[in-house]
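Only one structure is covered here, and it is reproduced in the block below.
In each ligand, atom 1 is the first atom listed, and ligand 1 is the first ligand listed.
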Amino acid sequence: MRKKIVIGNWKMNMLTERARGFAKQVAPRLASTAVVCAPFTVLSVLSEAAKGTILKVGAQDMYFQESGAYTGEISAGMLLDVGAGYVIVGHSERRLYFGETDADVRHKVETALKNGLIPIVCCGEPLDTEAPKDFVKAQLIAALEGVSGEQLSNIVVAYEPVWAIGTGKTATPEVAQDMIGSLRFVLKERFGDAAEEVLFLYGGSVNEKNIAEFLVCDDIDGALVGGASLDPDSFVQMVNAAAEVCGQK
Ligand code: PGA
């Protein structure tokens, strides 16, 4: 059975002292493994503070080249060096504000896997997309183009409707389940039973009050949480709700 997992996305928030305090406060209270994707500048501090606990650390982006003259960029090796095990790839804010394309996302997925980082591949449709399912399926297929069936168990996919991010509006659990069920089916057609291994998350205005509604859905294996992941108590509540749903306690 797939486990349920909560992944926080701090976005451009958190300075070192607060990040250290968060890890110290949160890690001992977690009932199951959780991940925080933090800004590059606090990854070291967070990894150090979370060492030996079930709080894992991730980044929010990386460049697909291994090294070289790419001023301002961060490589997979650099992320590993500061203790990150996960990396968000293709978040809609990167696509929207930084022009990240499907091809960039595909390269980043490949580089992450090659280096032993777990990519959290984001997909989701903007408001007023005419055929949301087709749109999101195409994004996912493009992102996983070079991936093999064996690699699927090292990939997390987050479905985040763009209109639900940071707006306080969520997709209904039924709509999220329907979309994620279809995405899993697409992977089944391509990869067979290996698609059952992929963890699919819902993201977009998830918080400690609404998370359980999503976690009880068959195909939803967790949540990618922005705003509500900044508060230590909310984060612990969400993670422990996930543990409860799948009897991990
Ligand atoms: P939100 O962000 O929870 O603040 O809506 C989710 C995300 O962007 O991953």
Side-chain angles (χ1 to χ4, degrees), residues 4-14 18-19 22 26 34-40 42-43 46 55-62 84-100 104-105 108-109 112 117-127 129 132 135-136 139-140 143 155-173 175-177 179-180 183 198-215 217 220-242:
K4 307 266 173 187
I5 190 164
V6 174
I7 300 183
N9 173 11
W10 282 352
K11 308 194 180 185
M12 201 171 71
N13 297 291
M14 284 281 187
R18 209 174 134 206
F22 181 99
V26 159
V35 182
V36 169
C37 294
F40 297 131
V42 302
L43 289 177
L46 200 59
L55 180 63
K56 305 297 170 200
V57 175
Q60 300 169 17
D61 185 34
M62 60 160 211
Y86 294 75
V87 60
I88 295 175
V89 171
H91 190 280
S92 63
E93 286 153 14
R94 303 246 19 121
R95 296 180 193 253
L96 182 66
Y97 303 131
F98 304 98
E100 195 155 304
D104 294 329
V105 176
K108 289 181 183 190
V109 169
L117 284 162
I118 297 188
I120 302 155
V121 183
C122 297
C123 51
E125 81 286 4
L127 192 63
T129 302
F135 183 94
V136 181
Q139 273 185 333
L140 185 61
I155 293 176
V156 177
V157 177
Y159 165 59
E160 301 197 298
V162 177
W163 47 266
I165 294 178
T167 58
K169 287 184 206 142
T170 64
T172 62
V175 166
Q177 160 61 38
M179 174 66 86
I180 290 176
L183 297 178
V198 181
L199 296 182
F200 274 95
L201 314 182
Y202 166 75
S205 297
V206 173
N207 57 39
E208 68 282 8
K209 295 189 186 74
N210 61 25
I211 193 166
E213 298 167 27
F214 295 99
L215 296 175
C217 298
I220 303 182
D221 306 310
L224 181 58
V225 186
S229 72
L230 292 164
D231 178 70
D233 290 334
S234 305
F235 190 72
V236 170
Q237 282 177 46
M238 290 186 286
V239 174
N240 292 353

request  = May I ask you to decide whether R95 forms a salt bridge with D104, counting only side-chain N to carboxylate O separations under 4.0 Å?
outcome  = no
request  = Begin from the C-alpha positions of V225 and I7 and carry the test side-chain contact (heavy atoms from CB on, under 4.5 Å) through to its verdict.
outcome  = CA-CA 6 Å; V225 186; I7 300 183; over 6 Å; no
message = Taking 4.0 angstrom as the limit and counting only heavy atoms of G166, give me the atoms of ligand 1 inside it, by number and element.
response = 1 (P), 4 (O), 5 (O)
request  = Quick one: look up the protein heavy atom nearest atom 9 (O) of ligand 1 and list residue, atom name and how far away it is.
outcome  = E160 OE2, 2.6 Å
message = To check your reading of the model: name the closest protein heavy atom to atom 3 (O) of ligand 1, its residue, and the distance in Å.
response = G226 N, 2.8 Å
key: Protein heavy atom at shortest distance from atom 2 (O) of ligand 1   = K11 NZ, 3.3 Å
request  = Just jot down the ligand 1 atoms closer than 4.0 angstrom to any heavy atom of A164, in number order.
outcome  = 5 (O)
ask   = Near G204, which atoms of ligand 1 are under 4.0 Å from a heavy atom of that residue?
value = 5 (O)
request  = Can you pull out the closest protein heavy atom to atom 4 (O) of ligand 1? Residue, atom name and distance to 0.1 Å, please.
outcome  = G227 N, 2.9 Å
ask   = Taking atom types as modelled, is there a side-chain donor on Q60 or W10 under 3.5 Å from an acceptor on the other?
value = no
remark   = Atoms of ligand 1 under 4.0 Å from any heavy atom of H91, numbered from 1 in the order shown, are 7 (C), 8 (O), 9 (O)
request  = Please identify which atoms of ligand 1 are closer than 4.0 Å to at least one heavy atom of L224.
outcome  = 9 (O)
